[in-house]
Amino acid sequence: MLFNTKMETLPREEIESLQLRRLRDVCNRVYANVPFYRKRFDEAGISPADIKSLTDIKLLPFTEKQDLRNNYPFGLLAVPRDQIARLHASSGTTGKAVVLGYTRRDLDNWAELVARSLVAAGVNSTDMVHIAYGYGLFTGGLGLHDGAERLGATVVPASGGATKRQAMLMRDFAATALCCTPSYALHLWEAGQEIGVDFRNLPLRVGVFGAEPWSEAMRHDMEDKMGISAMNIYGLSEIMGPGVAIECADSKCGMHLWEDMVLPEIIDPVSGEQLPIGEIGELVLTTLTKEGVPLLRYRTRDLTSLDYTPCRCGRTHVRISRLQGRSDDMLIIRGVNVFPQQIEGLIMETRGLSPNYQIIVDRERNLDTLEVRVEMDDNLFADEIRKLQTLERNLQKSIKEFLGVTAKVRLMEPRSIQRSEGKAQRIVDNRPKE
Ligand code: DLL
């Protein structure tokens, strides 16, 4: 099933000619209306008229999160403030918030992309969609909400929090689709278990999970536990929010990125040069239709690759691979690069461990230390100490073997690691800032 058959199956040549037309248009708009971009164009000695083909995008300047911060709150608006229908903001973990303004048309386009995404994930107009992404300045709740409404589904705007009550509502309302972060889905599932609500006995079919990194191993675990199909959705506030890309139920292999509205590139994060198709690098996105805050070549810091091979679902839009992590989430432990998801993968392969974990990085006598705290499941917890010690040693060994770093592994009691209601905080970095 498709939501917008014409757009979702547009032949490649037509996607590209539409993209070029829209790219030229957005360049003209930001040059005329956003002093920040006009200055960047002038400094680079280019004008919007220099964009004659899609490959000319390389001439354009990058935009970074810091540029949004420097122009806080409204410096990058490309329309008068009174044409802005809604604001969202992303706080991030460090620094000033980033504020994004949406015109009425931006909100419409966003709802369209989220509706397309939900349909691709296997949701339809008869579904009962429980939305447990946070509502508010965060784009997750309202983004999914508007898209699910556009699709014609029944929407339950649960937001985050009151977790046991939510599990109860899912049972009482007979939720068929659940939208939230993967870590919150696990928290909900656990809360359900505690009050006798087993997701497997609900009509729940689909999970639309994103906003934080998660691994393929985690997907399998969740599908098993919850009796659902767990789908990966990607997005970021700077571009609009959730629904920039989504996996399709047909192949579950890579996320279709809606190219009529967003133009992707993959660059080498160090040199800034475009990488050949298929290589993993930093995703750079240009908004093609956005009116409020259009962004040229926005550096997402997310690491992925592009796949233009045809997909069996019939959608012609490029697929991005499951995110490898953010370049700024990469931990450098005594010189070795480690992504939290790699550790997650190894945890999930170890029987008896739960998917609740935290990675603590510290520095002792000038040396980085890595500690992996991971909860045991209830069965293992009841086991003998000797068995637990062997398990700790085994996980430690596989981290050393596969990632090349020495980690201390600490098995924790079930439910002892703090649960989050939104994005999980997997990394605690106590090293002094340089
Ligand atoms: O997290 C938007 C969103 C809401 C996406 C709900 C999906 C579902 P931000 O708070 O601005 O926006 O954070 C964006 O989250 O650059 C990625 O690093 C990360 N991220 C988002 N989706 C995924 C995903 C929302 N599926 C940042 N896998 C992005 C891994 C993801 N990381």
Side-chain angles (χ1 to χ4, degrees), residues 63-65 68-69 87-95 97-100 102 110 113-114 117-118 120-121 123 129 131-148 159-160 177-185 206-216 218-219 222 230-247 252 254-258 262 264 269 280 282-285 287 293 295 298-305 319-330 339-342 344-345 420-427:
T63 311
E64 307 210 28
K65 197 174 211 117
L68 286 149
R69 291 202 175 113
L87 295 175
H88 278 285
S90 120
S91 53
T93 39
T94 51
V98 160
V99 179
L100 287 312
Y102 301 67
W110 183 15
L113 294 194
V114 174
S117 300
L118 287 169
V123 180
V129 183
I131 300 179
Y133 284 113
Y135 279 63
L137 289 172
F138 175 55
T139 53
L142 285 165
L144 263 302
H145 184 105
D146 289 350
S159 194
L178 169 65
C179 306
C180 60
T181 59
S183 55
Y184 193 61
V206 190
V208 182
F209 302 143
E212 66 185 8
W214 55 308
S215 60
E216 200 58 37
M218 177 82 96
R219 185 213 305 265
M222 297 176 85
M231 310 295 294
N232 197 2
I233 185 167
Y234 170 75
L236 60 165
S237 353
E238 292 85 337
I239 299 303
M240 61 176 206
V244 171
I246 183 88
E247 282 174 333
K252 264 195 187 176
M255 298 181 270
H256 291 283
L257 183 140
W258 304 117
V262 182
I280 292 179
E282 179 180 339
L283 180 65
V284 169
L285 298 172
T287 63
V293 183
L295 294 179
Y298 182 69
R299 293 191 57 163
T300 65
R301 305 283 160 190
D302 292 321
L303 302 174
T304 182
S305 59
R319 282 176 284 168
I320 57 172
S321 58
R322 183 180 283 279
L323 301 191
Q324 304 277 309
R326 293 176 57 78
S327 52
D328 35 18
D329 265 359
M330 188 178 78
F339 285 104
Q341 263 169 298
Q342 295 175 305
E344 177 180 302
S420 90
E421 286 172 4
K423 301 183 189 231
Q425 206 202 340
R426 302 288 194 199
I427 307 172

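Each ligand, and each atom within it, is numbered from 1 in the order the structure gives.
Using a 4.5 Å heavy-atom threshold, the side chains of V262 and M240 count as separate. Taking the side chain as every heavy atom from C-beta outward, E247 and R322 approach each other to under 4.5 Å.
For atom 27 (C) of ligand 1, the nearest non-hydrogen atom from the set K423, E212, E238 comes from K423. Evaluated by nearest non-hydrogen atom to atom 24 (C) of ligand 1, the leading choice among L100, I233, I131, T300 is I233. The closest heavy-atom contact to atom 23 (C) of ligand 1, among the options A211, G241, G141, comes from A211. If you check each of A245, G235, G210, G422 against atom 21 (C) of ligand 1, the one with the closest non-hydrogen atom is G235.
The shortest contact between atom 11 (O) of ligand 1 and any protein heavy atom is with S237 OG, 2.4 Å. In terms of protein heavy atoms, atom 18 (O) of ligand 1 is closest to D302 OD1, 2.6 Å.
Atom-to-atom distance recorded for E64:CD and R69:CZ is 11.0 Å, nearest 0.5 angstrom. Atom-to-atom distance recorded for N232:CG and F209:CZ is 10.5 Å, nearest 0.5 angstrom.
Within the listing of ligand 1, atoms 24 (C), 26 (N) sit less than 4.0 angstrom from a heavy atom of N232. Annotation for ligand 1: atoms under 4.0 Å from non-hydrogen atoms of L323 are 28 (N), 30 (C), 31 (C), 32 (N). Every atom of ligand 1 with a heavy atom of G140 under 4.0 Å away is listed here by number and element: 4 (C), 6 (C). Residue-ligand proximity, Y234 to ligand 1, at heavy-atom distances under 4.0 Å covers atoms 21 (C), 22 (N), 23 (C), 26 (N).
The closest side-chain donor-acceptor pair between S183 and E212 falls under 3.5 angstrom.
A perpendicular orientation is assigned to the rings of Y135 and H145, their planes being inclined by more than 60° (bins at 30° and 60°).
Side-chain N or O atoms of S321 include one that pairs as donor or acceptor with a backbone N or O of S305 at under 3.5 Å.
Residue W214 has no N or O atom closer than 3.5 Å to an N or O atom of ligand 1. Considering backbone and side-chain N/O atoms, S90 never comes within less than 3.5 Å of an N/O atom of ligand 1.
Exactly one of L283, L236, T287, V284 qualifies for a side chain to side chain contact (heavy atoms under 4.5 Å, CB included) with Y298. That residue is L236.
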